[in-house]
Number of protein chains: 2
Amino acid sequence: MEERQARTAFAALSQETRLRIVRLLVQAGPEGMAAGAIAEAVEVSPSNVSFHLKDLEHAGMIVPRREARSIIYSADFTGLRDLIAFLMKDCCAGHPEICAPALAAAQCKPSTGKKKARA
Amino acid sequence: MEERQARTAFAALSQETRLRIVRLLVQAGPEGMAAGAIAEAVEVSPSNVSFHLKDLEHAGMIVPRREARSIIYSADFTGLRDLIAFLMKDCCAGHPEICAPALAAAQCKPSTGKKKARA
DNA sequence: TCCTCATTTCAATGATTATTGAATTGTAGG
DNA sequence: CCTACAATTCAATAATCATTGAAATGAGGA
């Protein structure tokens, strides 16, 4: 991932409404949510949510698709993954001791709420 | 990591000069660099670098220490790790298939530039 | 103490960014 | 074709952020 693209993504995630949208859409999964539903969920005006959705799309954090009269947005997991990779490449370059704890802290592997933590 | 703190960190990293400073300090390692040296490296005025350094410190991305007449800044690896964890927790929540590729993309384990990729 | 160097603080300016409400585009159904 | 609805675009305003240069702080050395 290019530095410029990474900065755009960081800027996108630095805004309260936009970060809430991303988290909402990550929760929603590939199914996604209509712009109107997102606006309602995060409690902002339609025109304002549209503004932020466009910014997030431009930043590669979400992806839109049309469905009847609605436009459905879903999280762009590839973009999110690339951003994480960018950050890790930076701070793990010569500092692998940082990565491992990050993974643990993210609880990436343990199945959340399930019985067994690992195979 | 709190959402507010994460947003502050994202905002800090979204600015060109500040991102360059962070990458520079990650490269520099725990030894760190003096404010003046940083200013010279990223080619901005002393007062401007001071402005950005303060912002990065506030965001928990760097940490200062005094040494004789200089103030030495170094990357805050804990803060960086926490930010990565925040991002991963968000996008890996129920989507572990994203994490693994992120790690690979970050080339977290392979020793960069060395002969052997793995033990 | 006096002088110098390293850095920060301050106030002012310019540049981005967020928010609002009205007007517009595009889709579907009667 | 006309109406209703979903979402976006647009222009204006308010708010936040970045940059600059001058002045202040603080640590050492002569």
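Computed from a predicted model, the values in this text were never measured in an experiment. In what follows, chains carry the letters A, B, and so on, assigned in the order in which the sequence lines appear, proteins first and then strands, with residues in each chain numbered from 1.
- Considering only side-chain N and O atoms, A/Lys54 lies nowhere under 4.0 angstrom from the phosphate OP1 or OP2 of D/dA7.
- Between A/Arg65 and A/Glu67 there is a salt bridge, since a side-chain N of the basic residue sits under 4.0 Å from a carboxylate O of the acidic one.
- Side-chain N/O atoms of A/Tyr73 include none lying less than 4.0 angstrom from OP1 or OP2 on D/dA6.
- Nucleotide C/dT4 holds its P atom 12 Å from the CZ atom of B/Arg69, rounded to whole Å.
- Within the nucleic acid shown, A/Ala34 comes within 4.0 Å of sugar-phosphate atoms alone, with no base atom in reach, counting heavy atoms only.
- Using a 4.0 Å heavy-atom cutoff across all strands shown, B/Ser47 reaches at least one base atom of the nucleic acid.
- Atom CD1 in A/Ile21 sits 11.0 Å away from atom CG in A/Leu13 (nearest 0.5 Å).
- Computed from coordinates, the B/Asn48 CG to C/dG14 P distance equals 17 Å when rounded to whole Å.
- For the pair B/Phe51 CZ and D/dT20 C1', the computed distance is 12 Å after rounding to whole Å.
- The separation between B/His52 atom NE2 and D/dA18 atom P is 6 Å, rounded to whole Å.
- Looking at heavy-atom distances under 4.0 Å, B/Ser50 makes contact with a base.
- If you check every strand for non-hydrogen atoms under 4.0 Å, B/Ala68 touches sugar and phosphate atoms only.
- In this structure, the CD atom of B/Glu16 is 12 Å from the P atom of D/dA18, given to the nearest Å.
- Distance CG (A/Asp55) to P (D/dT9): 13 Å, rounded to an integer number of Å.
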